There are 2 protein chains.
Amino acid sequence: MRNGPDIAATAALIGDPARAAMLSALMDGHALTATELAAEGGVTPQTASAHLAKLERGGLLARARQGRHSYFRLASADVAQVLEALMTLSHGTGPRRTRPGPRDAALRVARVCYNHLAGAEGVALFEALRGGGALRKDDDILRITDRMRPALAPLGVDPAALPGQSAMCRTCLDWSERRHHLAGRLGRAILSAMEAKAWVRRDPASRAVVILPKGRIGIDRVIGLAAANAI
Amino acid sequence: MRNGPDIAATAALIGDPARAAMLSALMDGHALTATELAAEGGVTPQTASAHLAKLERGGLLARARQGRHSYFRLASADVAQVLEALMTLSHGTGPRRTRPGPRDAALRVARVCYNHLAGAEGVALFEALRGGGALRKDDDILRITDRMRPALAPLGVDPAALPGQSAMCRTCLDWSERRHHLAGRLGRAILSAMEAKAWVRRDPASRAVVILPKGRIGIDRVIGLAAANAI
DNA sequence: TACATGTTTCGGTCACGGTCGAACCATGCG
DNA sequence: CGCATGGTTCGACCGTGACCGAAACATGTA
């Protein structure tokens, strides 16, 4: 009837409560097994299996078989983008699933988005890097300048040494802040380094990220270094 | 079961083929009547009425009653954002509804996105304005500089004189180009001016925008003026 | 006032898809 | 080799929701 891609099919896949819960659970970037996702969706393993097969065929999930386990993760960052956009839109409208409690507040401060840092802390870091000239946007493409390396020195992240061929830097629209934060290979590396250095700890039960005392100092230092360049 | 907004309900609304077609039809920013939308969705007016009521209650559409007509439009730019994100994701995957024909090509060159110009032309214009310093991104917020006015002189658009209190400039991720183009009050004004000056003509049957000869010259001139500043 | 057109409501049909119980396959382990 | 566990397939059930015909309602027009 109309031209363009088939939106309805994709949206319908996300439109089932069980599947939406599974997808949301995978927003933290971790891969989960089929049974774990069944629990997330509140359905039996058989039902979950059918759902997961659909999501895979629909291009929303990628499956990795390991032994007798099937690990699922979001198929691409584009999927996460759609989910975040839907959260932005659904936010406020409709009955809130749970009233905003302390966990909700924690999510706003810092959380995992796919595989990088989101929330107020993520946005603050991104804007400090941009303001200090460590990131520049040319032709709408984010580029790293030579100011990035010193700024990230406390973290021990060297942008030039990151493996992979996917996009180094991407922006990702933040659900709670409605501003951008840093995604892509560099965003992932920064979050990994923060975890490895025990700056932050991920709440295993949600997407929340807790800033540890050492991390508070460290993050402020990185932000300071990045912004200091601005002069 | 989970925290966060209720994605599933919103996605399910978009997940019906008839409703998805209606929403896509409204992506051009125009308001359409219930019967027109029924035709877009390929359903009878009764069925369309039920769909439209749901979409309105779900916060996706806004209704304006005028006489015996009900005019519907997208409720917010956030809705358009979700739709474009879904197009980005669904693009390529799944069975193409129609094989890419001439109309599809026209859509990639220039089309209407909500109420502003998208496609290759939209992206080119945006990037020229950015590259020439007419737009600057500070703290991830787009700002207009004093170079904007001369660049837009051929169009007769004065950014300072635009009414309204919504965001002046916004970026919008382009479905076909996967890069940004200009949205917001200014984006809308530019497209309006192009139409008023007969630079472009909108295909009434699709979102395609046809560049007229006079417009070809004019747009190239604006891009040239914007980029010339870059030196 | 009568009529035409656009829209909505009502009632009833029907198909699709989510769900689970039970059984089946595959892998790892003792 | 047998058992346990994770995952999938099959079959059957059932509720939801899309759909349309008919009719009611609203508004503009002759």
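Here the structure is a predicted model, which is why all the values come from computation and not from measurement. Labels below follow one simple rule: chain letters A, B, ... track the order of the sequence lines, proteins then strands, and each chain is numbered from 1.
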Produce the list of close N/O pairs, under 3.5 Å, pairing protein atoms with atoms of nucleotides 17-20 of chain C; give distances to one decimal.
| from | atom 1 | to | atom 2 | distance (Å) |
| --- | --- | --- | --- | --- |
| dG18(C) | OP1 | Arg19(A) | NH1 | 3.2 |
| dG18(C) | OP1 | Arg19(A) | NH2 | 2.9 |
| dG18(C) | OP2 | Lys54(A) | NZ | 2.8 |
| dT19(C) | OP2 | His51(A) | NE2 | 2.6 |
| dC20(C) | OP2 | Thr44(A) | N | 3.2 |
| dC20(C) | OP2 | Thr44(A) | OG1 | 3.1 |
| dC20(C) | OP2 | Thr47(A) | OG1 | 3.1 |

Nearest 0.5 angstrom please: [X] [atom1] to [Y] [atom2], how far?
{"X": "Leu117(B)", "Y": "Leu182(B)", "atom1": "CG", "atom2": "CG", "value": "9.5 Å"}
{"X": "Tyr71(B)", "Y": "Leu32(B)", "atom1": "OH", "atom2": "CG", "value": "9.0 Å"}
{"X": "Leu23(B)", "Y": "Leu13(B)", "atom1": "CG", "atom2": "CG", "value": "8.5 Å"}
{"X": "Leu152(A)", "Y": "Leu186(A)", "atom1": "CG", "atom2": "CG", "value": "6.0 Å"}

Rounded distance (Å) that lies between atom [atom2] of [N] and atom [atom1] of [X]:
{"X": "Leu13(A)", "N": "dC16(C)", "atom1": "CG", "atom2": "C1'", "answer": "14 Å"}
{"X": "Leu52(B)", "N": "dC19(D)", "atom1": "CG", "atom2": "C1'", "answer": "15 Å"}
{"X": "Phe72(B)", "N": "dG6(C)", "atom1": "CZ", "atom2": "P", "answer": "15 Å"}
{"X": "Leu32(A)", "N": "dG6(D)", "atom1": "CG", "atom2": "P", "answer": "15 Å"}
{"X": "Glu36(B)", "N": "dT5(C)", "atom1": "CD", "atom2": "P", "answer": "16 Å"}
{"X": "Glu56(A)", "N": "dT8(D)", "atom1": "CD", "atom2": "C1'", "answer": "13 Å"}
{"X": "Arg63(A)", "N": "dT8(D)", "atom1": "CZ", "atom2": "C1'", "answer": "9 Å"}
{"X": "Arg65(B)", "N": "dT5(C)", "atom1": "CZ", "atom2": "C1'", "answer": "17 Å"}

Side-chain N,O (His69(A)) to OP1/OP2 (dT27(C)) below 4.0 Å: no
side-chain N/O Ser70(A) vs dT8(D) OP1/OP2, d < 4.0 Å: yes
Got a list of protein N/O to nucleotides 25-29 of chain D N/O distances below 3.5 Å?
| from | atom 1 | to | atom 2 | distance (Å) |
| --- | --- | --- | --- | --- |
| dT27(D) | O2 | Arg68(B) | NH1 | 3.4 |

Polar-atom pairs under 3.5 Å, protein N or O versus N or O of nucleotides 11-13 of chain C: list them with distances, or write none.
none

Salt-bridge contact Glu40(B)-Arg19(B) (side-chain N to carboxylate O under 4.0 Å): no
Glu84(A) (side chain) donor-acceptor with Gln81(A) (main chain) under 3.5 angstrom: no
Minimum-distance pair of heavy atoms, taken over all atoms of Ile7(B) and Ser24(A): CD1-OG, 3.8 Å
Check residues 190-199 of chain B and write down every donor-acceptor pair under 3.5 Å in which the side-chain atom is one partner and the other belongs to a residue at least two apart or another chain.
| from | atom 1 | to | atom 2 | distance (Å) |
| --- | --- | --- | --- | --- |
| Ser192(B) | OG | Arg188(B) | O | 3.0 |
| Glu195(B) | OE2 | Arg202(B) | NH1 | 3.3 |

Verdict with supporting geometry, Gln46(B) and Ser49(B), side chain to side chain donor-acceptor pair (under 3.5 Å): CA-CA 5 Å; Gln46(B) 314 95 295; Ser49(B) 180; over 6 Å; no
All pairs passing side-chain hydrogen bond (donor to acceptor under 3.5 Å, both in side chains) where residues 53-62 of chain B contributes a residue, at least two apart: Glu56(B)-Arg63(B)
With sequence neighbours excluded, residues passing side chain to side chain donor-acceptor pair (under 3.5 Å) with Thr47(B): Thr44(B)
